[in-house]
Amino acid sequence: MLSLAVSALLVAAGPVLAQQGDGTDTASRNTVFKPAPAEPTPERLAELTMPDGFEIGVFASGLQNPRILAMHPDGHVYVSRREQGDVLLLHDTDGDGRADGAPVPVLHRPAAHGLAVHGDHLYVVTVKELLRAPIQADGRLGEPELLVDDLPDGGQHPNRTMAFGPDGKLYLSIGSTCNACNETNPEHATLLRMEPDGSSRTIFASGLRNTVGFGWQPTTGELWGMDHNIDSLGDDQHPEELNRIELGKQYGWPHVFADGGLHPQTTPPGGISKAQWREMSEPMVMGYTAHAAPMQMAFYQGASFPAEYRGDAFVAMRGSWNAKPAVGYEIVRVRFDRGRPTGIEPFVSGFLVDDGTAHLARPVGLAVLPDGALLLSDDGNGVIYRIAYSGGSRSPRAASRTPAVPAGPMEQQALKGHGVPLALDRRETRARSSTPGSLQSAAFADGQPIPERYSDYGEGVSPPLSWQAVEGARSYALIMEDPDADQPKPFVHWVAWNIPGTITSLPEAMHTHPRLTEPDGLRQGRNSRGSTGYFGPKPPPGTGVHHYHFQLFALDTTLDVLPGADRDSVLKAMQGHVIGRARVVGTFAAPGED
């Protein structure tokens with residue numbers, strides 16, 4: 001029997017056949033320790049540790065479960081309360097550092113959590129829903145509009161967060177359903193990107209267990225996030241991760257952590273080894289104390305803190321339950337120099353009291369007020385704190401207007417792969433010979449409609465395909481694209497390669513794993529949705545009939561391209577090896593359209 005202190009774990013460190021274990025026997029200490037809440041008295045708050053010149057005060061109290069904070073430039077402070085299922089509005093109109101009167105409930109929605117202000121709208125996300133409501137002059141909200149109602153279900157991490165990037169697009173974090181597992185829904189453990197109206201939803205980055213806090217570094221415009229790492233593998237494992245998050249990148253979870261460590265219990269799908277998964281993943285840029293539990297992140301561009309703080313990030317660390325002594329229960333500062341992180345250090349600490357057996361706060365939300373002070377929400381004692389600077393030199397007053405964050409990095413990533421020719425028209429796929437090929441589907445004829453069951457409006461399974469064997473082919477590659485899509489153009493629906501040269505057909509409903517064991521060795525890459533494998537037609541309503549080009553390439557070699565790669569990486573590897581080509585085109589329009 002396993003005890004709470006020791007557990008035996010299995011590791012799959014390399015390629016396996018049966019994937020039922022490899023004989024590894026790893027022991028780790030697994031502690032469950034939850035410090036008790038303590039009254040945040042003025043005397044105890046006075047003992048908090050922070051840099052010289054800073055002070056902390058109570059902005060609002062008696063709020064029960066305040067979580068995520070959002071600021072409107074006119075001074076409206078919004079805070080979500082997950083347990084109460086609402087959003088509160090607070091103001092400090094007299095500038096005394098405390099909210100005026102009682103908070104005003106402005107929206108009721110079960111499990112309301114993530115908040116974001118965009119123009120004159122407040123966005124609110126629950127487990128499965130995204131809503132927006134117009135902000136009125138007094139900060140109250142008009143009638144909310146439901147934008148999305150099918151976000152992935154919650155599981156272990158149901159608390160979604162979001163923010164608008166400098167490119168004007170909405171980025172929404174979806175946590176994993178588990179501590180460490182192979183997710184069945186590709187949108188779990190990701191960062192999604194969509195238009196402000198909720199349309200054009202894609203997976204921006206994956207392998208992120210639970211990136212609650214993220215934001216854009218003001219100097220560079222690059223996206224950074226703090227990811228919760230895996231529990232139950234020891235008091236000191238694994239560090240919380242600071243990641244530079246980029247389009248199409250995978251960040252290791254659940255099989256790889258930190259700068260390349262291998263999780264001792266999990267097994268990647270499709271016979272992928274952990275070494276391969278590590279090659280497919282981005283290592284963290286910097287780590288922090290394991291189990292500190294990073295929550296909301298706020299890059300500082302205010303004018304009241306000393307100038308050296310501008311461009312740095314603050315992260316609320318809610319605190320551990322899986323380590324003893326307890327860790328977290330603090331605000332940390334992530335120092336940046338010319339847009340690059342140089343260290344992570346405590347900024348406000350001391351919320352752990354009584355020799356670490358009790359806590360004054362469980363930090364969650366962070367936001368910068370128009371006057372430059374920093375707000376912190378505590379969902380343990382129902383308090384919002386205000387951290388202000390009162391001594392020494394401050395940032396220049398000329399910097400009081402928040403400068404725009406450069407949009408270039410995000411816009412460039414949004415346009416990646418946009419406006420390029422179809423794969424068959426690319427120079428990389430020019431055939432070395434004129435060997436003709438054939439490609440057909442039993443589900444539809446060339447130029448005819450694809451049945452709805454093969455679309456993402458239907459069952460979303462791949463259609464059956466067959467082709468004529470090409471002499472000398474050691475493998476085949478398949479790329480499905482829609483040139484009628486708006487962005488990216490073309491929209492990539494399927495990338496598959498290393499299809500064995502001995503086969504001439506694929507059955508319907510192919511698995512979407514990055515690597516398949518049947519047919520063995522077939523690898524699949526990232527489509528424009530951001531998932532791997534086949535993604536069925538899903539043209540937006542009102543855009544008419546789209547044409548889906550299934551393009552087959554016979555190759556004289558197999559490709560040394562890692563599973564999960566994008567179309568361009570596969571095309572680059574194919575160059576000079578194409579000995580035959582074929583195409584079949586199917587059409588599809590949104591249901592109800594001709």
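Residues: numbered from 1 along the sequence shown.
Between the S199 side chain and the E195 main chain, no donor and acceptor come within less than 3.5 Å of each other. A distance-only check finds a donor-acceptor pair linking the side chain of E241 to the backbone of A258 [under 3.5 Å]. Side chain of Q217 to backbone of W224: no donor-acceptor contact under 3.5 angstrom is found. A donor-acceptor pair is defined here as one N or O able to donate and one able to accept, closer than 3.5 Å; such a pair exists between the side chain of R160 and the backbone of V127. In this structure, E240 contributes its side chain and A293 its backbone to a donor-acceptor pair below 3.5 Å. Under the 3.5 Å distance criterion, the side-chain polar atoms of R244 are left unmatched by any main-chain donor or acceptor of E222. A donor-acceptor pair is defined here as one N or O able to donate and one able to accept, closer than 3.5 Å; such a pair exists between the side chain of E183 and the backbone of T177. At distances below 3.5 Å, not a single donor-acceptor pair connects side-chain atoms of W494 with backbone N or O atoms of N527. Under a 3.5 Å cut-off, the side chain of T266 and the backbone N or O of C181 do not form any donor-acceptor pair. Proximity of a side-chain donor or acceptor of Q413 to a complementary backbone N or O of L247 within less than 3.5 Å is detected.
With a 4.5 Å cut-off on side-chain heavy atoms, M194 and L147 do not count as touching. Put simply, the side chain of L172 does not reach to within 4.5 Å of the side chain of V148, judged on heavy atoms. Residues R430 and R427 form a side-chain contact, since some pair of their non-hydrogen atoms from C-beta on lies under 4.5 Å apart. P464 has its side chain within reach of S441: a pair of non-hydrogen atoms, C-beta onward, lies under 4.5 Å apart. In this structure, Q524 and P514 have side chains that are not in contact, with every pair of non-hydrogen atoms separated by 4.5 Å or more. At a threshold of 4.5 Å between non-hydrogen side-chain atoms, the residues P463 and Y534 count as touching. Residues L242 and M284 are not in side-chain contact: their nearest non-hydrogen atoms beyond the backbone lie 4.5 Å or more apart. When side chains are defined from C-beta on, L506 counts as touching L522, because their heavy atoms get closer than 4.5 Å.
Under the rule for a side-chain contact (heavy atoms from CB on, under 4.5 Å), the partners of H549 that lie at least two apart in sequence or sit in another chain are L422, P483, H547, Q551, R583, V585. When the side-chain hydrogen bond (donor to acceptor under 3.5 Å, both in side chains) test is applied to H108, no partner is found at least two apart in sequence or on another chain. Taking Q412 as the reference, nothing meets the side-chain hydrogen bond (donor to acceptor under 3.5 Å, both in side chains) condition, with sequence neighbours excluded. Listed by chain and number, the residues in a side-chain hydrogen bond (donor to acceptor under 3.5 Å, both in side chains) with H513 amount to none (sequence neighbours excluded).
Taking OG of S475 as the start and CG of L555 as the end, the distance is 4.0 Å to the nearest 0.5 Å. Considering CG of D566 and OG1 of T532, their distance stands at 13.0 Å, rounded to 0.5 Å. Atom CD in Q296 sits 4.5 Å away from atom CD1 in I68 (nearest 0.5 Å). Taking CZ of R67 as the start and CZ of R82 as the end, the distance is 4.0 Å to the nearest 0.5 Å. To the nearest 0.5 Å, the span separating CD1 on I230 from NE2 on H255 amounts to 9.0 Å. Taking CG from L262 and OG from S273, the interatomic distance works out to 9.0 Å, rounded to the nearest 0.5 Å.
Between D86 and R81 there is a salt bridge, since at least one side-chain N of the basic residue sits less than 4.0 Å from a carboxylate O of the acidic one.
Aromatic rings from Y454 and F444 are positioned such that their centres are separated by 6.0 Å or more. You'll find the ring centres of Y171 and F204 inside the 6.0 Å limit. Aromatic ring centres of H493 and F535: separated by under 6.0 Å.
Residues L439 and L552 come closest through the heavy atom pair CD2-CB, 4.0 Å. Contact detail for G207 and D227: the closest heavy-atom pair is O-OD2, 4.5 Å. Nearest heavy-atom pair across A469 and Y476 is CA-OH, 3.5 Å. Listed here is the closest heavy atom pair of M226 and P294: CB-CB, 3.7 Å. The minimum heavy-atom distance between P144 and A133, with the atom names listed, is CA-CB, 3.9 Å. In terms of heavy atoms, H546 sits closest to G544 at CD2-O, 3.3 Å.
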Problem set entry | From CA spacing to verdict: side-chain contact (heavy atoms from CB on, under 4.5 Å), H157, V212 | CA-CA 10 Å; H157 299 120; V212 175; over 6 Å; no

Exercise. So D231 and R209, side-chain contact (heavy atoms from CB on, under 4.5 Å) or not? Walk me through it.
Worked result: CA-CA 11 Å; D231 296 319; R209 180 172 176 263; 3.2 Å; yes

Problem set entry | Criterion side-chain contact (heavy atoms from CB on, under 4.5 Å) on D446 and Q440, from CA distance to verdict | CA-CA 7 Å; D446 187 35; Q440 54 274 328; over 6 Å; no

Exercise. Checking side-chain contact (heavy atoms from CB on, under 4.5 Å) for the pair E129/R109: CA distance, chi angles, key distance, verdict?
Worked result: CA-CA 10 Å; E129 298 176 321; R109 204 73 172 190; 3.0 Å; yes

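Checked options L130, T202, L170, I174; the residue passing with L192 is I174 (criterion: side-chain contact (heavy atoms from CB on, under 4.5 Å)).
Identified under the salt bridge (charged side-chain N to carboxylate O under 4.0 Å, His left out) test for residues 498-515, with sequence neighbours left out: R453-E508, R515-D520. Screening residues 538-561 for salt bridge (charged side-chain N to carboxylate O under 4.0 Å, His left out), with sequence neighbours left out, gives R432-D556, D456-K538.
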